[in-house]
Amino acid sequence: MALLVQKFGGTSVGDPERIREVADHVVRCRKRGDEVVLVVSAMGKETDELLRLAGDVSANRPGREMDMLITAGERKAIALVSMALHDRGVPSESYTGSQAGFVTDTNHGNAKIVDVRADRIRTALDAGRVPVVAGAQGVSTDNDVTFLGRGGSDTTAVALARALDADACELYTDVTGVFTTDPRIVPTARRMHRITFDEMLEMTAAGCPKPAMRSVEYAHRHHVPLHVRSAFTWEPGTWVIEEGPDMEAALIRAVVHDLSEAKVTVSGVPDRPGVAGGLFRQLADADVNIDMIVQNVSEGGVTDISFTVPHTQLDQALAVCEEQAGTIGAQKVITDHHIAKVSVVGAGMKSNPGVAATMFEVLAANGINIEMISTSAIRISCVIAEDDADRAVQVLHDAYELDQTTF
Ligand code: ADP
Ligand code: ASP
Ligand code: MG
């Protein structure tokens, strides 16, 4: 008998039929003797629709009201899932984030969990009920409803698994696990049976949407076993694990792409100590999240500094750069919205030279120009033109023979 926290994403509870299938799955798990706690996302694309609605009504969209609005999506879903369980004779109760004991900070739109007081969930379990908890929400230390951010339901599930000391946190989604690349782009992508936390973190940081990065960090820090799997075929999926003896045998495990960033170049920057420090301090103070940075060799005492930022933070970044350009005497600020970041990830590259060379050669052989490069111990990322992204993913997946992977 195991205690399982099972999280269902938007597509997995997207319509009444799906909700009934999820309830049937819970019945099967209980027959097997498992105890289950469910964490549910808003149905289908409901979160996007609520965001669009807010945009249609309001220009300034106050954070407190936005969180009240967005969390309504999950609230609707938990009640429906709980009703479907009742129909199958399974005693169940739905809980908002607040009722489930999720206490967060006051940062609306992207609140951080500060405590999970799961007594009520524990009591429900002990009484033989199936708790159905709303994902991605909590109550702030100021007693307001908060939203944990996009993808926050994965974090709710992991945090609850930890608080309940569950045997595993199962993230049910619309694919059968974590793949060697996005299966929507490369149909021959393979599901991995297991992946290390380090690799999974690099993949999510490089743009892989599943599981949400914060949930992987949380699971890693608190040793929560994670299992990413299908809510459609119900077959075993991908385990995210601490270390595997054979993991370093594979050179590259995955190709990841990210279209969420834009590139900013501050050109004609005087090449003297303190200039980069000043610019990036101002960006940090404005809460702008910088990813890749490149500074060119200076010519005639001036240089160019380029960096990438999420599209959602481009306006703040530009405001800071324009202001700083005046102060430091830079010539101009240029933006490029149409970039993509393509990354290869694998623990095996630590001990194998030539991974970067292969990546650059493959891109070159396909006429794809590299604009920026960054690396970590187990990842190499290149910024390229957005139009080349799908092709780059495909040719790199082929070059590293990821369709043959057996891990
Ligand atoms: P959910 O809504 O269930 O929380 P998401 O929609 O956020 O899940 O993420 C699942 C999607 O992520 C899949 O439909 C898949 O197309 C996409 N995806 C992109 N890259 C990968 C990858 N390497 N492995 C698995 N899925 C991926
Ligand atoms: N429904 C929210 C979103 O789409 C939270 C989640 O599903 O994780 O971001
Ligand atoms: Mg989805």
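We number each residue from 1, following the sequence as shown. Counting convention: from 1, in listed order, for ligands and their atoms alike.
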Self-check item: Flag, side chain of Tyr400 to backbone of Val344, donor-acceptor distance under 3.5 Å
Solution: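 Side chain of Tyr400 to backbone of Val344: no pair is present.
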Quiz item: Would you say Thr180's side chain and Arg190's backbone share a donor-acceptor pair under 3.5 angstrom?
Solution: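 It does hold such a pair.
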Practice problem: Using a strict 4.0 Å threshold on nitrogen-to-oxygen distance, state whether Glu371 and Lys263 make a salt bridge. | Solution: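 Judged by the 4.0 Å cut-off on N to carboxylate O distance, Glu371 and Lys263 do form a salt bridge.
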So, does [X] sit close enough to ligand 1 that a heavy atom of it is under 4.0 Å from the ligand?
X      : result
Ser12  : no
Ala231 : no
Ala254 : no
Val178 : yes
Arg191 : no

Self-check item: Residue part near ligand 1, for Thr11, under 4.0 Å between non-hydrogen atoms
Solution: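 Neither part.
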Exercise. Answer with side chain, backbone, both or neither: which part of Asp182 has a heavy atom less than 4.0 angstrom from an atom of ligand 1?
Key: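 Within the 4.0 Å criterion, Asp182 contacts ligand 1 through backbone and side-chain atoms alike.
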Exercise. Take Glu17 and Arg20, measure what salt bridge (charged side-chain N to carboxylate O under 4.0 Å, His left out) needs, and give me the verdict at the end.
Key: CA-CA 5 Å; Glu17 176 57 27; Arg20 287 194 292 265; 3.1 Å; yes
Practice problem: Consider every N or O of Lys7 and every N or O of ligand 1, then say whether any pair is closer than 3.5 Å. | Solution: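 There is such a contact, yes.
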Self-check item: Nitrogen or oxygen atoms of Asp154 and ligand 1 under 3.5 Å apart
Solution: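 Between Asp154 and ligand 1, no N or O pair is found under 3.5 Å apart.
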Practice problem: Using only heavy-atom distances, determine whether the side chains of Thr196 and Glu199 contain a donor-acceptor pair under 3.5 Å. | Solution: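 A donor-acceptor contact under 3.5 Å links the two side chains.
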Practice problem: Examine the side chains of Ser306 and Thr265 and answer whether a donor and an acceptor come within less than 3.5 Å of each other. | Solution: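 There is such a pair between these side chains.
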If you count the atoms of ligand 1 from 1 in the order shown, which ones are under 4.0 Å from a heavy atom of [X]?
X      : value
Phe179 : 22 (C), 23 (N), 24 (N), 25 (C)
Thr173 : 1 (P), 3 (O), 8 (O), 10 (C)
Gly10  : 2 (O)
Gly177 : 24 (N), 25 (C)

Closest heavy-atom contact between [X] and [Y]?
X      : Y      : result
Val362 : Ala399 : CG2-CB, 3.6 Å
Gly97  : Ala134 : N-CB, 4.2 Å
Thr181 : Val255 : OG1-O, 2.6 Å

Practice problem: List the steps and the verdict of side-chain contact (heavy atoms from CB on, under 4.5 Å) for Thr141 and Thr106. | Solution: CA-CA 7 Å; Thr141 45; Thr106 57; 3.6 Å; yes
Practice problem: With atom 12 (O) of ligand 1 as the reference point, say which of Pro209, Gly152, Cys208 has the nearest heavy atom. | Solution: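 Closest candidate by heavy-atom distance is Pro209.
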Self-check item: Closest to atom 15 (C) of ligand 1 (judged by heavy-atom distance), picking from Lys45, Arg150, Arg190, Arg184
Solution: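 Shortest heavy-atom distance from atom 15 (C) of ligand 1: Arg184.
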List below, pair by pair, the N or O atoms of ligand 2 and of the protein that are less than 3.5 Å apart, including the distance to 0.1 Å; reply 'none' if no pair qualifies.
from, atom 1, to, atom 2, distance (Å)
ligand 2, 1 (N), Thr47, OG1, 2.8
ligand 2, 1 (N), Glu74, OE2, 2.7
ligand 2, 4 (O), Arg150, NH2, 3.0
ligand 2, 7 (O), Ser41, OG, 2.8
ligand 2, 8 (O), Gly151, N, 3.4
ligand 2, 8 (O), Gly152, N, 3.1
ligand 2, 8 (O), Ser153, N, 2.9
ligand 2, 8 (O), Ser153, OG, 3.2
ligand 2, 9 (O), Arg150, NE, 2.7
ligand 2, 9 (O), Gly151, N, 3.0

Quiz item: Partners of His108 by ring-ring contact (aromatic ring centres under 6.0 Å, His included), sequence neighbours excluded?
Solution: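 Testing His108 for ring-ring contact (aromatic ring centres under 6.0 Å, His included), a comparison that skips the adjacent residues, returns none.
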Quiz item: Where does the angle between the aromatic ring planes of His25 and Phe8 fall among parallel (under 30°), tilted (30 to 60°) and perpendicular (over 60°)?
Solution: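 The arrangement is perpendicular - the two ring planes meet at more than 60°.
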Exercise. Report yes if the distance between the aromatic ring centroids of Tyr172 and Phe232 is under 6.0 Å, otherwise no.
Key: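 Ring centroids of Tyr172 and Phe232 are no less than 6.0 Å from each other.
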